[in-house]
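Chain letters run A, B, ... following the sequence lines, proteins first, then strands; residues in each count from 1.
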2 protein chains.
Amino acid sequence: MNQDLQKERAAASFNPELLTHVLDGSPENTRRRREIENLILKDPDFHHEDLNFLSRSQRYEVAVRKSATMVEKMRKFNIADPSEIMWFKKLHLVNFVEPVGLNYSMFIPTLLNQGTTAQQEKWLLSSKGLEIIGTYAQTEMGHGTHLRGLETTATYDPETQEFILNSPTVTSIKWWPGGLGKTSNHAIVLAQLITQGKCYGLHAFIVPIRELGTHKPLPGITVGDIGPKFGYDEMDNGYLKMDNYRIPRENMLMKHAQVKPDGTYVKPLSNKLTYGTMVFIRSFLVGESARCLSKACTIAIRYSAVRHQSEIKPGEPEPQILDYQTQQYKLFPLLATAYAFQFVGAYMKETYHRINEDISQGDLSELPELHALTAGLKAFTSWTTNTGIEACRMACGGHGYSHCSGLPNIYVNFTPTCTFEGENTVMMLQTARFLMKSYDQVHSGKLVCGMVSYLNDLPSQHIQPQQVAVWPTVVDINSPDSLTEAYKLRAARLVEIAAKNLQTEVIHRKSREVAWNLTSVDLVQASEAHCHYVAVKLFSEKLLQIQEKSIQAVLRNLCLLYCLYGISRNAGDFLQGSIMTESQITQVNERIKELLTVIRPDAVALVDAFDFQDVTLGSVLGRYDGNVYENLFEWAKKSPLNKTEVHESYHKHLKSLQSKL
Amino acid sequence: MNQDLQKERAAASFNPELLTHVLDGSPENTRRRREIENLILKDPDFHHEDLNFLSRSQRYEVAVRKSATMVEKMRKFNIADPSEIMWFKKLHLVNFVEPVGLNYSMFIPTLLNQGTTAQQEKWLLSSKGLEIIGTYAQTEMGHGTHLRGLETTATYDPETQEFILNSPTVTSIKWWPGGLGKTSNHAIVLAQLITQGKCYGLHAFIVPIRELGTHKPLPGITVGDIGPKFGYDEMDNGYLKMDNYRIPRENMLMKHAQVKPDGTYVKPLSNKLTYGTMVFIRSFLVGESARCLSKACTIAIRYSAVRHQSEIKPGEPEPQILDYQTQQYKLFPLLATAYAFQFVGAYMKETYHRINEDISQGDLSELPELHALTAGLKAFTSWTTNTGIEACRMACGGHGYSHCSGLPNIYVNFTPTCTFEGENTVMMLQTARFLMKSYDQVHSGKLVCGMVSYLNDLPSQHIQPQQVAVWPTVVDINSPDSLTEAYKLRAARLVEIAAKNLQTEVIHRKSREVAWNLTSVDLVQASEAHCHYVAVKLFSEKLLQIQEKSIQAVLRNLCLLYCLYGISRNAGDFLQGSIMTESQITQVNERIKELLTVIRPDAVALVDAFDFQDVTLGSVLGRYDGNVYENLFEWAKKSPLNKTEVHESYHKHLKSLQSKL
């Protein structure tokens with residue numbers, strides 16, 4: 001092991017193994033996770049080429065091959081529990097995304113949720129066995145978030161009892177579905193259903209797109225890859241254009257809505273349940289944010305402990321760059337954020353399962369808050385993680401820019417999280433809609449519950465944004481609970497400002513919708529403050545559950561840093577509401593610097609506790625065996641540009657170049 | 001032309017051509033720039049493949065071929081003036097960086113600055129004709145910013161009158177030099193000079209690394225490509241390891257320092273002049289920040305005018321996404337920033353040339369301030385641009401993530417600017433060193449001049465950070481001059497806080513160096529505030545030079561938005577110093593929303609004025625001919641994954657996959 005890292009570990013104030021148990025939920029979970037991860041780490045079938053050295057077509061091919069192996073092994077190892085599948089996949093997919101993923105994550109679940117028993121009998125077995133490889137085609141070239149705007153039509157023809165699927169315009173071409181470009185032979189297509197001359201809105205249809213056996217596009221189908229992207233190199237995100245393409249009536253998923261053979265439309269009983277999938281994916285993405293930020297911190301902090309550079313005291317050996325205050329100020333607040341998001345992610349998962357239980361019992365009462373919370377937290381955590389990964393990368397200087405760090409790949413594969421499954425600004429505005437509704441409810445005399453219950457106290461707090469002379473709340477900057485109160489006041493104040501500005505605009509404009517748009521910057525800020533409060537609250541509540549003193553102490557410092565850093569960066573909000581005084585803000589800034597020093601000796605152990613066994617696969621800088629520079633040199637030598645053919649081809653150009661001059 | 005864009009242009013309040021003249025400096029400059037750009041745009045030799053569809057090796061080959069063509073054409077067209085070379089290259093290099101670039105930008109200039117007449121005679125002609133292709137090798141695997149830490153040695157052997165170049169450790173391997181990996185056959189190597197048993201520090205040596213004719217590495221030289229990176233795919237950044245490799249004494253560049261045949265060292269007269277190159281490159285990078293942010297804004301704003309999505313008023317057609325307040329709030333402050341940086345870039349260029357004149361007259365008095373200012377502004381503008389490009393990309397939603405937008409390439413090729421040519425945090429600390437020196441000077445009763453002259457007023461302003469009850473300065477939020485004053489007070493306050501905290505630490509610690517490290521977060525914040533003030537000041541001063549009323553009006557709004565947005569995002573700083581009141585901050589936030597509405601009709605014309613003729617080459621979304629979606633579909637069809645071979649190869653895997661299940 002690297003000597004610097006060895007020293008760091010010896011100096012830690014706690015045993016990282018115990019913290020890993022906290023993160024996994026229990027020692028047993030940690031054991032089982034490692035067991036599954038080791039199935040992959042020790043299996044030669046999964047030892048793969050460094051994808052950084054391959055072209056996109058090669059990466060796609062490797063990914064398809066690995067997808068196959070993965071399906072095979074999961075059966076062999078009997079891995080079926082969703083979280084176990086996730087551990088297995090996450091490690092397997094350390095560096096790439098899988099083209100057949102959507103068959104399992106979208107095609108089969110949609111079939112199960114929206115297909116009749118007969119439809120499930122017809123398609124389920126062959127899609128589980130990958131005879132049918134399905135994807136889910138919703139987004140169109142011209143239409144993303146706004147579902148009502150989708151243009152693809154499915155017109156019922158009672159004479160032949162078929163639906164005619166059509167892409168009437170260039171903007172209606174299906175665009176982005178994963179695995180559509182090359183991999184899939186079927187797609188669940190979302191289209192506007194038209195029968196008996198009337199449009200009934202979006203419905204789902206099973207559409208064969210390629211011929212079984214030859215895998216060639218069927219007549220009437222134009223399908224292909226949408227071209228290179230920032231990341232997701234291994235994924236064949238695709239396009240699909242249908243020209244009056246006919247499918248049997250039975251291919252419409254009819255568990256809820258139906259079209260009878262004569263064309264009569266039977267509408268579904270309820271639309272609310274379609275909420276479920278979105279809420280699940282978004283709450284999963286909160287966990288993904290935590291995971292990716294933790295991984296980026298692991299690489300950057302390990303490298304900062306190994307990298308020696310420049311001088312603090314003249315004449316002394318070059319210090320570890322982790323000893324520079326500016327480096328600590330870049331990395332430790334992100335480390336604290338990663339921990340905060342780990343706990344938010346765990347809470348989301350837990351809440352989702354609890355409410356899902358309720359839903360299956362017919363109780364939908366908590367769904368609106370959960371829906372609003374997942375939307376906002378998905379946006380809040382993914383935005384923060386997005387900038388955080390890049391901050392980690394740049395904290396590694398030049399080497400961070402090389403693929404040897406693994407950080408560029410983490411970034412390019414994470415960043416779509418900000419724009420997919422609900423674009424983040426749209427998500428924040430959904431949360432804002434719930435906040436405004438809750439505010440109105442309180443205003444009309446009814447109490448609200450859950451995370452927004454602080455709004456109940458609003459009238460009694462007399463929050464008056466313009467008023468300066470209010471005596472400040474006494475905030476104890478060393479108490480996570482007191483800081484949570486401060487964040488609560490900030491959220492309450494920003495929700496109230498947004499609500500009042502919205503009211504003012506409503507009075508001035510005739511339309512509530514126009515007023516909404518003209519207040520949307522305030523609304524997003526209110527949602528952000530609400531989500532920030534939730535994160536702070538969950539982190540400080542987590543502290544109470546930790547028994548082990550050494551772990552509690554170190555997490556408490558991280559929690560304080562997370563709270564104080566947020567106050568420092570948003571000092572205006574805390575000053576304006578008279579939540580804190582100017583001298584308290586000065587104290588906050590001083591305390592942050594102290595905390596950097598306090599956390600410093602534990603930094604490496606804190607990232608070790610994330611227990612990323614796979615960091616070594618994707619990052620030379622994140623490894624901790626041997627000498628980081630020797631590893632780097634070995635890695636670089638394998639660059640394709642160092643092959644003899646490239647040399648010869650270049651030499652030819654060089655001669656022709658010289659001959660011209 | 002696209003209809004939406006046509007409408008936008010018709011509605012603009014000013015003629016963008018006139019604003020282009022302002023940006024170029026004069027109508028004549030605009031004319032000449034376009035003339036040169038058209039040489040490339042209309043020349044079939046420069047019409048190139050879409051690099052997004054090529055592998056890295058292919059991209060490198062294309063780049064080498066183009067480099068050759070470029071050198072040839074520049075001679076043919078007689079392009080020799082530095083800014084004309086830049087226009088020519090920038091357009092030619094729309095999407096890529098050139099492997100032989102360093103021969104012209106570093107090898108030849110260093111030879112001219114540091115080589116004797118005899119040395120210039122020996123190497124200049126053949127390097128201009130690319131018989132010798134040179135690069136500049138300074139950075140080592142283990143050493144970046146800290147030059148004294150470099151380990152490569154050049155030991156003089158008087159017996160043979162040779163230098164023995166050696167890479168004693170793995171960390172001493174030269175790492176990163178552009179064009180070193182495959183392209184160059186010579187390198188100027190920076191090494192610790194040892195003669196007569198004594199080390200004299202870094203000196204420059206001309207080192208042949210590959211055999212002329214065969215282009216094979218010479219014995220004793222290990223050289224190659226450092227592997228794939230986030231961007232710069234076309235550049236063969238390289239490594240170089242030398243094993244007791246001998247070069248003649250005459251290969252040390254001896255214009256300043258010398259080693260006599262017997263090994264006697266003769267030291268240079270002055271070291272100050274080496275400042276020059278760094279200052280030049282960094283001031284150039286300020287302009288690069290402006291250019292890249294302007295380009296990202298051009299793409300995102302044009303696309304936002306063309307993209308229709310969702311609904312503001314129910315039942316009405318989908319609005320242009322540029323009509324959403326949240327979209328305006330993402331893009332217009334960045335547009336204002338791009339204009340601010342354009343003027344900062346022009347000022348830096350001008351100042352550099354003026355001071356360079358002074359230097360050539362022997363007057364070095366302004367060099368320290370210029371050095372400090374370029375360091376800070378390089379960091380300030382590149383950090384802002386870095387996050388700004390990504391904000392523009394994400395403002396384009398899913399399509400921003402595709403290479404069709406051109407934005408991922410702009411980002412990955414820009415982002416190294418934050419870590420190279422002086423890592424940004426190190427740069428900010430250099431500026432801080434100058435600020436602290438100036439503060440001390442004022443404190444000891446001497447006046448300072450230039451951009452820091454506001455420090456002269458400090459004692460009279462009685463800035464007392466802790467004091468709340470001070471009557472606020474009357475800031476007129478509609479006056480750029482008054483807002484500049486506010487930024488000045490903020491900078492003065494943060495410089496003072498950093499200086500006082502530094503003093504306190506010096507008292508508590510024994511060493512000033514340790515104190516410096518423990519104050520460095522404050523020092524960076526002081527530098528940022530100083531640079532922000534400079535940007536605001538230059539923008540508002542620029543307004544006074546504009547004659548044309550319509551141009552003045554629109555730039556004034558952008559300047560106000562730039563100033564007010566910065567205050568809103570850093571409200572804590574302005575409140576804490578009692579520079580502004582809480583109600584003024586509320587007014588600032590309201591005024592920003594008004595300005596978004598005011599700027600909206602001019603947004604497209606404002607990016608048109610940047611006059612990027614080349615955006616169309618690199619970005620489907622930034623083009624304005626035809627239908628953006630049709631262009632996108634045509635682009636995607638060319639994806640290599642849509643080739644028949646890929647289909648067949650996949651089909652083979654698919655069968656083997658299915659057979660296993």
- Message: Could you check whether any side-chain heavy atom of A:His308 comes within less than 4.5 Å of a side-chain heavy atom of B:Thr171, counting everything from C-beta outward?
- Response: no
- Query: Aromatic rings A:Phe633 and B:Tyr239: how do their planes relate, parallel, tilted or perpendicular, breaks at 30° and 60°?
  - Reply: perpendicular
- A:Lys637 versus chain B, heavy atoms under 4.5 Å apart: side chain, backbone, both or neither? both
- In terms of heavy-atom pairs under 4.5 Å with chain B, which of A:Glu311, A:Lys313, A:Lys241 leads? A:Glu311
- Less than 4.5 Å apart, any side-chain heavy atom of B:Thr326 and any of A:Met428? no
- Turns out that what part of A:Glu590 lies under 4.5 Å from chain B's heavy atoms comes down to side chain
- Message: Determine whether a donor-acceptor pair (N or O, by modelled atom type, separation under 3.5 Å) exists between the side chain of B:Asn642 and the backbone of A:Asp225.
- Response: yes
- Item | Residue A:Arg307 versus chain B: region with a heavy atom under 4.5 Å | side chain
- Heavy-atom contact with chain B under 4.5 Å, split by part of A:Asp573: neither
- Are any of the side-chain heavy atoms of A:Glu582 and B:Leu575 separated by less than 4.5 Å? no
- Which residue, B:Gln325, B:Gln327, B:Lys593, forms the side-chain contact (heavy atoms from CB on, under 4.5 Å) with A:Ser520? B:Gln325
- Message: Is it the case that the side chain of A:His146 and the backbone of B:Glu318 share a donor-acceptor pair, with hydrogens and angles ignored and the cut-off at 3.5 Å?
- Response: no
- Query: Is it the backbone or the side chain of A:Val524 that comes under 4.5 Å from a heavy atom of chain B, or both, or neither?
  - Reply: side chain
- Item | Side-chain (A:Glu513) to main-chain (B:Ile312) donor-acceptor, under 3.5 angstrom | no
- Under 4.5 Å to a heavy atom of chain B? For A:Val412 that would be both
- Query: With no hydrogens and no angle check, do the side chains of B:Thr415 and A:Arg393 hold a donor and an acceptor under 3.5 Å apart?
  - Reply: yes
- Sort A:Leu523 into side chain, backbone, both or neither according to what part of it lies under 4.5 angstrom from a heavy atom of chain B. neither
- When heavy-atom pairs shorter than 4.5 Å are enumerated against chain B, which of A:Pro314, A:Gly238, A:Cys396 gives the highest number? A:Pro314
- Message: Which atoms of A:Glu423 are under 4.5 Å from chain B, going by heavy atoms: the side chain, the backbone, both sets, or neither?
- Response: side chain
- How about B:Tyr411 and A:Glu390: do any of their side-chain heavy atoms sit closer than 4.5 Å? yes
- Query: Looking only at atom types and distance, does a side-chain atom of B:Asn409 sit under 3.5 Å from a main-chain N or O of A:Phe230, one as donor and one as acceptor?
  - Reply: no
- Query: Any sub-3.5 Å donor-acceptor pair from B:Tyr401's side-chain atoms to A:Gly231's backbone N or O?
  - Reply: yes
- Item | Largest heavy-atom contact set with chain B, pairs under 4.5 Å, which of A:Cys418, A:Gly142, A:Ser55 | A:Gly142
- Item | Any donor-acceptor N/O pair, B:His403 side chain to A:Pro228 backbone, under 3.5 Å | no
- Message: If I measure from the heavy atoms of chain B, does A:Asn386 come under 4.5 Å with its side chain, its backbone, both, or neither?
- Response: side chain
- Query: Are any of the side-chain heavy atoms of A:Asn424 and B:Met394 separated by less than 4.5 Å?
  - Reply: no
- Query: How about B:Arg56 and A:Leu641: do any of their side-chain heavy atoms sit closer than 4.5 Å?
  - Reply: yes
- Against chain B, label A:Thr169 side chain, backbone, both or neither, depending on which of its atoms sit under 4.5 Å from a heavy atom there. neither
- Item | Under 4.5 Å from a heavy atom of chain B, the part of A:Trp516 involved | neither
- Query: Tell me, side chain or backbone of A:Glu316 under 4.5 Å from chain B's heavy atoms, or both, or neither?
  - Reply: neither
- Check whether A:Leu632 gets within reach of chain B through its side chain, its backbone, both or neither, counting any heavy atom under 4.5 Å. both
